[in-house]
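Taking it in order: structure first as structure tokens, then the write-up.
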Amino acid sequence: MGYPDGIDIFKNKLNKKPNGGSYLIEEKLTLVNGVYDGPLAHDNINNQSLTVYSGPRYSGEELRNFTVSFPDDAPWQRVIRIFANSNVSEAYVTYETPGDTVEAEDINVLQSGLTAVQSEVERYKEHGRIDGGSFRREV
């Protein structure tokens, strides 16, 4: 759901480190009835480094009932499915990544959002009055 139906949300991308090092990421995920099924925020994850806990910074209960897969058309992405007790509402996934892969779809979403905003501005210019930062309707 992009603009104007809703506000676009973009996750920051990580550049590859020049020295070849990795980032250590902790990602907070919301579980519904003890389950999360969706993508992780970053790409190229070292699967062996992945751990899941019910609390931040390796605290709480270690959640071992999860699977990690990747889409056939985007093997650099990871999808995680976490299964916990229904009273567990959050999971903290920690993993290493050397950085993200920027895809054409990332750029396409940005372009669509920018075009939608420009169209809205033009619509306001045609049908309203822009006055020092406030919008007033012409009567």
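Fair warning: this is a prediction, and the values are worked out from it, not measured in the lab.
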message: Measuring only between side-chain heavy atoms, which start at C-beta, is D100 closer than 4.5 Å to N12?
response: no

message: Within this structure, what is the OG-CD distance for the pair S49 and E96, rounded to the nearest 0.5 Å?
response: 4.5 Å

query: Which atom names give the shortest non-hydrogen contact between E27 and H42, and what distance separates them?
result: OE1-N, 4.5 Å

task: Show your working on side-chain contact (heavy atoms from CB on, under 4.5 Å) between F70 and Q77 and close with a plain yes or no.
output: CA-CA 6 Å; F70 56 86; Q77 295 178 348; 5.7 Å; no

- prompt: To the nearest 0.5 Å, how far apart are CD1 in I82 and CG in N65?
  reply: 10.0 Å

statement: Minimal heavy-atom distance between Y95 and L50, with the atoms involved, is CB-CA, 4.2 Å

message: Taking the side chain as everything from C-beta on, heavy atoms only, tell me whether L40 gets closer than 4.5 Å to I45.
response: yes

field: Any side-chain heavy-atom pair of T67 and I80 under 4.5 Å
entry: no

message: Looking at R123 and E120, is any side-chain nitrogen of the basic one under 4.0 Å from a carboxylate oxygen of the acidic one?
response: yes

message: Is the distance between the ring centroids of Y53 and Y58 under 6.0 Å?
response: yes

- prompt: Does T115 use its side chain to pair, donor to acceptor, with the backbone of S112 at less than 3.5 Å?
  reply: no

- prompt: Run the side-chain contact (heavy atoms from CB on, under 4.5 Å) check on T51 and V93 step by step: do they pass?
  reply: CA-CA 6 Å; T51 60; V93 181; over 6 Å; no

query: How many angstroms lie between CD in Q48 and CG in N46, if you round to the nearest 0.5 Å?
result: 5.0 Å

- request: Check T101 against D106 and note the closest heavy-atom contact, atom names and distance.
  value: O-OD2, 3.9 Å

- prompt: For K17, does the NZ atom sit with more than 12 other heavy atoms under 6.0 Å from it, leaving out its own atoms?
  reply: yes

task: Is it possible for you to say whether F66 and F83 belong to one hydrophobic cluster, with membership spreading through side-chain heavy-atom contacts below 4.5 Å?
output: no

- prompt: Quick check: are there more than 12 heavy atoms from other residues, nucleotides or ligands sitting under 6.0 Å from CG of N19?
  reply: yes

message: For E61, is there any backbone N or O sitting under 3.5 Å from a side-chain donor or acceptor partner on S54?
response: yes

query: Which atom names give the shortest non-hydrogen contact between N44 and G99, and what distance separates them?
result: ND2-O, 2.9 Å

Side-chain touch T97/I25, heavy atoms, less than 4.5 angstrom: yes

- prompt: What is the minimum heavy-atom distance between D37 and R81, and which atoms define it?
  reply: OD1-CG, 3.2 Å

- line: Shortest non-hydrogen pair, N15 vs Y23, comes out as O-OH, 2.7 Å

query: Under a 4.5 Å side-chain heavy-atom rule over Ile, Leu, Val, Met, Phe, Trp and Tyr, are Y36 and V68 clustered together?
result: yes

- line: Separation between CD (E103) and CG (D43), nearest 0.5 Å, reads 6.0 Å

field: Greater than 12 external heavy atoms within 6.0 Å of N33's CG
entry: no

message: If you apply the rule side-chain contact (heavy atoms from CB on, under 4.5 Å), what do you find for V79 with S69, and how did you get there?
response: CA-CA 5 Å; V79 175; S69 61; 3.8 Å; yes

message: Quick one: does any side-chain atom of E26 pair with a main-chain N or O of R57 as donor and acceptor, under 3.5 Å?
response: yes

